[in-house]
Amino acid sequence: MGRRSVQLRLWAFVLLGVCTGFLATRTAWGQGGEPRTFAIRGAKVVPVSSAPLENATVVVSHGIITAVGTNVPIPADAWVIDGKGLTVYPGLIDGFTDVGVAAASSPAPAGDAGARQQPAISRGPEDRPATTPWRSAADEVNPGDPRVETWRLAGFTTVIAAPKGGMFPGQAAVLDLGGERAGDLVVKAPVAVPVSLQAPGGFRSFPGSVMGGIAYVRQVWLDTNWDIQANAVYEKNRRGVERPKYDRSDAALATALGKHAVVLLPANTSLQIRRALRLAEEWKLNAVLYGAQMGYEVAPEIAAKKMPVLVDLKWPEAEKDSDPEATPSLRTLRFRDRAPSSPAALSKAGVKFAFYSGGITAPKDLLPAVKKSIDAGLSPEAALRALTLSPAEIFGVADTLGSIENGKIANLVLADGDLFDKKTKVKIVFVDGRKYEVREVLRPTEPPKGDLTGKWKLSFATPQGQEEATADLSMQSDGTLTGSVASDRGTGSVFSGWVSGEKFSFTINIAIEGSSGDVVFTGTFEGTSMKGSIQAMGYTFEFSGTKPTRMAAVQAGGVE
Amino acid sequence: MKLRATILCFAAAFLLTAPGVLNANEKGTSGAAMDASAPVILIRNATILTVSHGTIDKGDILIKDGKIAAVGDTLKAPADAVVIDATGQFVSPGIIDCHSHIAVDGSVNEGSVSVSSMVNIADVLNSDDIAIYRDLAGGVTTANVLHGSANSIGGQTVVIKLRWGQPAANLPFEGALPGIKFALGENPKRSNFRVNGAPERYPATRMGVEETIRGAFTEARDYKKSWDDYDKRVAAGEKNAIPPRRNLKLDPLVEVLEGKRYVHAHCYREDEILMLLRVAKEFGFHVQTLQHVLEGYKVADEIAAAGTGASTFSDWWAYKVEAYDAIPYNAALMTRRGVLVSINSDDAAEATHLNQEAAKSIRYGGLTHDEALKMVTLNPAIQLGIEKRVGSIDIGKDADLAIYNHDPLSAYAIVQKTLIDGRVYFDREKELAARPALEKEKKDLLQKAKKKQDEEKKAAEKKPEEKKTEEKKPGEKKPEDKKSEEKKPEEKPIPPQGDAGLGGAR
């Protein structure tokens, strides 16, 4: 086979990839060709549920862990991954977040499109302010949430995700961070009903105070229980009895609690934690506290109530650019100093706890935040458990998640060292038995000269002739590129891209013979023209591109 | 002379409350766990202001199990007793503040509705509020913590002991009847301010305030009837009766009707005072106290006839139209007409010198020494229904005491020790001694934080490229930053903002 024919063949794949790149990264499933059986051989395995194994093998087949051990046969059809130098952990779990859940859509009121939107005024609990417990994370999964990928690349294969906003935002679900369609991500739903006591209303709208928030939530639980009780009586004997009025919130809460969803109560300071412990008891809730950063003061009290907690990993710190003259109180200073020691205190007291991302928005900050609690006395084993098996237990999915055991969902993290070591890098992540390789993100070195944002017409000569594609790019001020590459036959999304000076690079990932490969566009740009090369599988092709001005676009018969 | 004394007394009060200078919620100088049994204490050789039965010169007080076990001359103490030598000092019953807003987490007002009786101050007691310690340093041992006055019928209220260092659940005064705040006049009708973005709230007149209270109690009466009917049906053996829906707004009003909850009504003008007494009579409930009640002297006979207490300011007036007719003789005049009167603070700082506020009614109106001291001890105790436990130095009562270096009605009086349940919760000497260590701890923590910050900055400067891009990976867009902040569960208590002028709610 001559070089030309190799090129031809490769080009066919590249073009296929360019055209169906989107499908390649997101929807190659079900098209056949993708391996479904893997064997990670010769790795250190940390199952969490049992002692670590050296030089062990993990076999994954069709989304399930089918074998773990130092002496297990490798199936003939398995893709073998050399685990030398790698440590295999269970996929990490973010105990409470909205990663993977679409933001609420709030349609503007008719005829009032320009006006600033104010939430409706509530005049009491009966108006059900900021209450949408019927919303379900499972029904609002957004696989396109970019954080699904960034969280996954950081080793988080699973999240307990809930809709966001309000006092009863909606029901949380366990989501695996990989999948083609929304439904693919859902592991279990509902698993939790988060509650906020943060009253949104002020003097404007009920509730407007912390005590108002508590009173409101108390009334909602009373109403929910009344709903259950009254309907039970009514259904037995309807004739001649005034019917209990239907209430959407009560009905949704009754259903969720009936399915054993836990209730998440906010409690960060010791004041809030003690209060939440009391309220959970008064309200007879199967509750889990979230926040818990002052746990170092009250861990034994939490343990006495056998209350599980979720610890917010966004440790309190001095506000950026705060008044340098203003001195925080000693209590605040102590809190900032000691908050990371809470997990150790909780662990020592025997509290079941898990970590959650909380205020952390960059996934790279998650494990360093855990490391801080290790530095403050938490054992690495307990830290790992709080990222894996403990959240699985708290949310009732430990039968399928949280450890490396035969029969569990194949969520794995392969790292080149100890997970909590600063230098360690996550190399491969398995979600539901699908392999995701973690690539180094290419970084710009200088500020962009110009803006690459816009629709670019790309043309390139392939051995098969002249081809065209459109790159719809969006550049952020720091040079980060996102967007997609499209041709007549389909669209592919950019997973990594940057602009540095007048140079740029963006990469899409495509499937070639059941495996995946990157197609990298690199080059330079000036004004409305760009030129450069396309690299794939070690081969390089030239391309050029132009960004039609609006006028040109209109003359050409018009996009938009 | 008087002015100079006042200045001195304020200076003294400032020194006394100097923990504020430290601005730290440090505790533990004297806070002890409730479960450990209280020590036996003998206060020796003090001038004892019993309030109930005169003054004992050079007397002793024996405290056992948190109670006053004996009062008299040269008492014998058990060998293990802690002896407090109070030679030359004055012991008074702990000060009781009948109108306080300390120790509340978040706003003291649920200001969104005209009837906010569903909210309860007891739910949001904040044991970390430094005002507890400052008031303790002013001799206050008990406070009636009230909801604000933004509503005709406000939230449920709670009487607390200032047990600094104990968790919030241990603050409520055991067995004290809970209360509810009412408010009449300008604050509930909101004639003086508007909330941005909110439609105007009913009521807007004093007539409307009356109608709102009337409406709420009519509703409460119907609600009570629905429960009574239900109980009857169940008692008659009916199995398919659907119970009424619990209504947290009406439950406390039913308790008021049943005499299980005190009404503390914020009021100023004579007409609105009479209005409330009429409405209460009509619905058959009792108004336990009128708060502020600055025109009370005009209708003292009617207040006395209703058996209603009056809790007022010493000499605070003219800060708004409805306070124009206030006079400093109010407390004395009402007392002389047979009204049970207390003097309150409505303010954390004012509470630190309630003893001096009480003293003013000697100057204005000629009350006796004990009558004046009763205004901040026994009288508020009676008004709050806790006089069997506190308010005077009598055998069997709680050992809630304030030890002063001078007569508490003197401008020179400074609290040396404050005891609650026979425990020293404030000790001026220990407080002063503890400060250097706390100052040092604070300095060290600040330095540690700064060092860490500098290190992080240095690390960031070392590899600016990495830092720059890592800060913003694709997918971490601005809106998400905002999102996660909202999720942070109540990290900071919300300061009572937006209700300035209404929070303290005079």
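Protein chains get the first letters and strands the later ones, always in sequence-line order, with residue 1 at the start of each. For the numbers below, each heavy atom of this structure counts, side chains included, while hydrogens, waters and symmetry mates do not.
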query = Which bit of A:E126 comes within less than 4.5 Å of chain B, counting heavy atoms only: side chain, backbone, both or neither?
reply = neither
message = So does B:L248 get a backbone contact from the side chain of A:Q219, meaning a donor-acceptor N/O pair under 3.5 Å?
response = yes
query = Where on B:N240 is there a heavy atom nearer than 4.5 Å to chain A: the side chain, the backbone, both, or neither?
reply = both
ask   = Any side-chain heavy atom of B:K448 within less than 4.5 Å of one from A:L333?
value = no
ask   = Are the side chain of A:R278 and the backbone N or O of B:D123 linked by a donor-acceptor pair below 3.5 Å?
value = no
Close side-chain approach of A:S209 to B:N109, heavy-atom, < 4.5 Å = no
key: Over 12 foreign heavy atoms within 6.0 Å of NZ, B:K440   = no
ask   = Where on A:L222 is there a heavy atom nearer than 4.5 Å to chain B: the side chain, the backbone, both, or neither?
value = side chain
ask   = Which bit of A:R338 comes within less than 4.5 Å of chain B, counting heavy atoms only: side chain, backbone, both or neither?
value = side chain
inquiry  = Within the 4.5 Å heavy-atom criterion, are B:V119 and A:Y216 side-chain neighbours or not?
reply    = no
note = Turns out that what part of B:A169 lies under 4.5 Å from chain A's heavy atoms comes down to both
task = Let me know if B:L125 has heavy atoms under 4.5 Å from chain A in its side chain, its backbone, both or neither.
result = backbone
task = Start with the C-alpha distance between B:I130 and A:R331, add both sets of side-chain angles, then the distance that settles side-chain contact (heavy atoms from CB on, under 4.5 Å), and finish with yes or no.
result = CA-CA 10 Å; B:I130 190 69; A:R331 189 162 170 75; over 6 Å; no
task = Can you tell which part of A:D227 gets under 4.5 Å to a heavy atom of chain B, answering side chain, backbone, both or neither?
result = side chain
note = In this structure, CG of B:N120 is separated from CZ of A:R218 (nearest 0.5 Å) by 7.0 Å
message = I need the B:N247 CG to A:W226 CH2 distance, nearest 0.5 Å.
response = 12.0 Å
query = Which answer fits A:R336, side chain, backbone, both or neither, if we ask what part of it has an atom under 4.5 Å from a heavy atom of chain B?
reply = neither
task = Mind listing the closest non-hydrogen atom pair of B:I242 and A:P244 along with its distance?
result = CD1-CG, 4.3 Å
Under the ring-ring contact (aromatic ring centres under 6.0 Å, His included) test, residues paired with A:F206 that sit two or more places apart = none
ask   = What closest approach, in Å, do A:T327 and B:K442 show between heavy atoms, and which atom pair accounts for it?
value = CG2-CE, 3.6 Å
query = Who wins among B:Q453, B:K249, B:R246, B:R201 for the most heavy-atom pairs under 4.5 Å with chain A?
reply = B:R246
Close side-chain approach of B:M118 to A:P125, heavy-atom, < 4.5 Å = yes
query = Going by heavy atoms in the side chains, are B:E439 and A:L330 under 4.5 Å from each other?
reply = no
ask   = Got a second to check how far B:S112's OG is from A:R123's CZ, nearest 0.5 Å?
value = 6.5 Å
query = Relative to chain A, which segment of B:P243 carries a heavy atom at a distance below 4.5 Å: side chain, backbone, both, or neither?
reply = both
ask   = Can you tell me how far the CG atom of B:L445 sits from the CG atom of A:D337, to the nearest 0.5 Å?
value = 5.0 Å
inquiry  = Quick check on A:V148 against chain B: is it the side chain, the backbone, both or neither that has a heavy atom closer than 4.5 Å?
reply    = neither
task = Output the option from A:P207, A:S270, A:G201 having the highest count of non-hydrogen pairs under 4.5 Å with chain B.
result = A:P207
inquiry  = Quick one: does any side-chain atom of B:E110 pair with a main-chain N or O of A:G202 as donor and acceptor, under 3.5 Å?
reply    = no
inquiry  = Check this for me: does any side-chain nitrogen of one of A:D247 and B:R245 sit under 4.0 Å from a carboxylate oxygen of the other?
reply    = no
Validation row: B:E441, A:R334 side chains within 4.5 angstrom (heavy atoms) = yes
